[in-house]
Amino acid sequence: METKVNATTVSLVRGDITLEETDAIVNAANTTLSGGSGVDGAIHSSGGPAIMSECRKIGNCPTGHAVITTGGALRAKHVIHTVGPVYKDGKHGESSMLRSAYLSSLALALEKNLKSLAFPSISTGAYGYPVEEASRIAVSTVIGFIRENDGLDLVRFVLFSDRDLEIYSRALKGAL
Ligand code: ADP
């Protein structure tokens with residue numbers, strides 16, 4: 001699914017984010033930037049040691065914030081590492097932290113003059129955020145940001161399953 005908001009294309013695809021050719025891909029990292037399972041592990045294993053070496057220099061990233069490194073051997077030139085919330089019960093600030101993870105990544109992309117960005121479904125794997133609610137936050141945050149800010153040509157969500165793609169598609173239709 002693809003749509004245009006102002007001058008920015010918003011697209012949803014099912015796939016492996018490590019294969020994306022956008023200027024940056026976003027990693028669902030942890031606060032210690034030390035790698036892990038899921039999309040984080042996939043990005044480090046495809047991108048090679050240069051990414052981890054920059055992560056070590058940066059040190060850490062608080063929940064809701066974002067940092068940028070090289071893309072190493074990836075097709076994407078950069079990786080934006082953001083940290084989404086671990087979901088407890090929805091009453092511990094999870095929604096504002098998730099929103100902040102998306103906003104920090106988008107703001108960093110603009111600041112670095114990047115034109116295209118690919119997001120995974122942050123927090124909905126090991127961090128346990130219910131994907132329906134997370135998809136609505138993800139999509140509405142991205143659309144709100146690009147309505148307010150020019151400069152990005154493409155924001156893509158790369159979903160890892162047909163089910164997630166379907167859920168994000170519903171969220172996008174609901175947000176337009
Ligand atoms: P978190 O710890 O933020 O929950 P995870 O990596 O555990 O992060 O999961 C986030 C989402 O990323 C999940 O939907 C998972 O299926 C998905 N995912 C895992 N590997 C990839 C990949 N290579 N490309 C895109 N999405 C991926």
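Side chains included, hydrogens not; waters and symmetry mates left out as well; all remaining heavy atoms used. One-based numbering, in listed order, for ligands and for the atoms of each.
Protein heavy atom at the shortest distance from atom 22 (C) of ligand 1 is F160 CE1, 3.4 Å. Nearest protein heavy-atom contact of atom 24 (N) of ligand 1 is I17 N, 2.9 Å. Nearest non-hydrogen protein atom to atom 8 (O) of ligand 1 is A28 CB, 3.8 Å. Nearest protein heavy-atom neighbour of atom 23 (N) of ligand 1: D16 OD1, 2.9 Å. For atom 12 (O) of ligand 1, the closest non-hydrogen atom on the protein side is V39 CB, 4.0 Å.
Heavy-atom separations between G41 and ligand 1 are all 4.0 Å or longer. Ligand 1 has no atom lying under 4.0 Å from any heavy atom of G84.
Heavy atoms of other residues, nucleotides or ligands lying less than 6.0 angstrom from CZ of R147 number more than 12. Residue K112 places its NZ atom among 12 or fewer non-hydrogen atoms of other residues, nucleotides or ligands, all under 6.0 Å distant.
Ligand 1 places these atoms under 4.0 Å from at least one heavy atom of G15: 24 (N), 25 (C). Contact atoms of ligand 1 toward T124: 4 (O), 14 (O) (distance under 4.0 Å to a heavy atom of the residue).
By the 3.5 Å distance cut-off applied to N or O atoms, G38 is not counted among the residues near ligand 1.
Between L74 and the choices V79, L19, I17, the side-chain contact (heavy atoms from CB on, under 4.5 Å) rule is met once, by V79.
Considering CG of L114 and CG of D153, their distance stands at 11.0 Å, rounded to 0.5 Å. From T141, atom OG1 reaches atom CG of L98 across 7.0 Å, with rounding to the nearest 0.5 Å.
Compare S123, A126, A134 by their heavy atoms: the one nearest to atom 5 (P) of ligand 1 is in A126. The heavy atom nearest to atom 11 (C) of ligand 1, considering only S46, G36, S121, is found in S121.
Counting heavy atoms from C-beta on, the side chains of I143 and L176 come closer than 4.5 Å. A 4.5 Å side-chain heavy-atom check between M1 and S169 finds at least one atom pair inside the cut-off.
Checked for salt-bridge contact, E133 and R99 miss the test: no charged N lies under 4.0 Å from a carboxylate O.
Hydrophobic clustering, defined by side-chain heavy atoms of Ile, Leu, Val, Met, Phe, Trp and Tyr closer than 4.5 Å, groups V67 together with L33, I58.
Residue D164 touches ligand 1 through its side chain alone, judged by heavy-atom distances below 4.0 Å.
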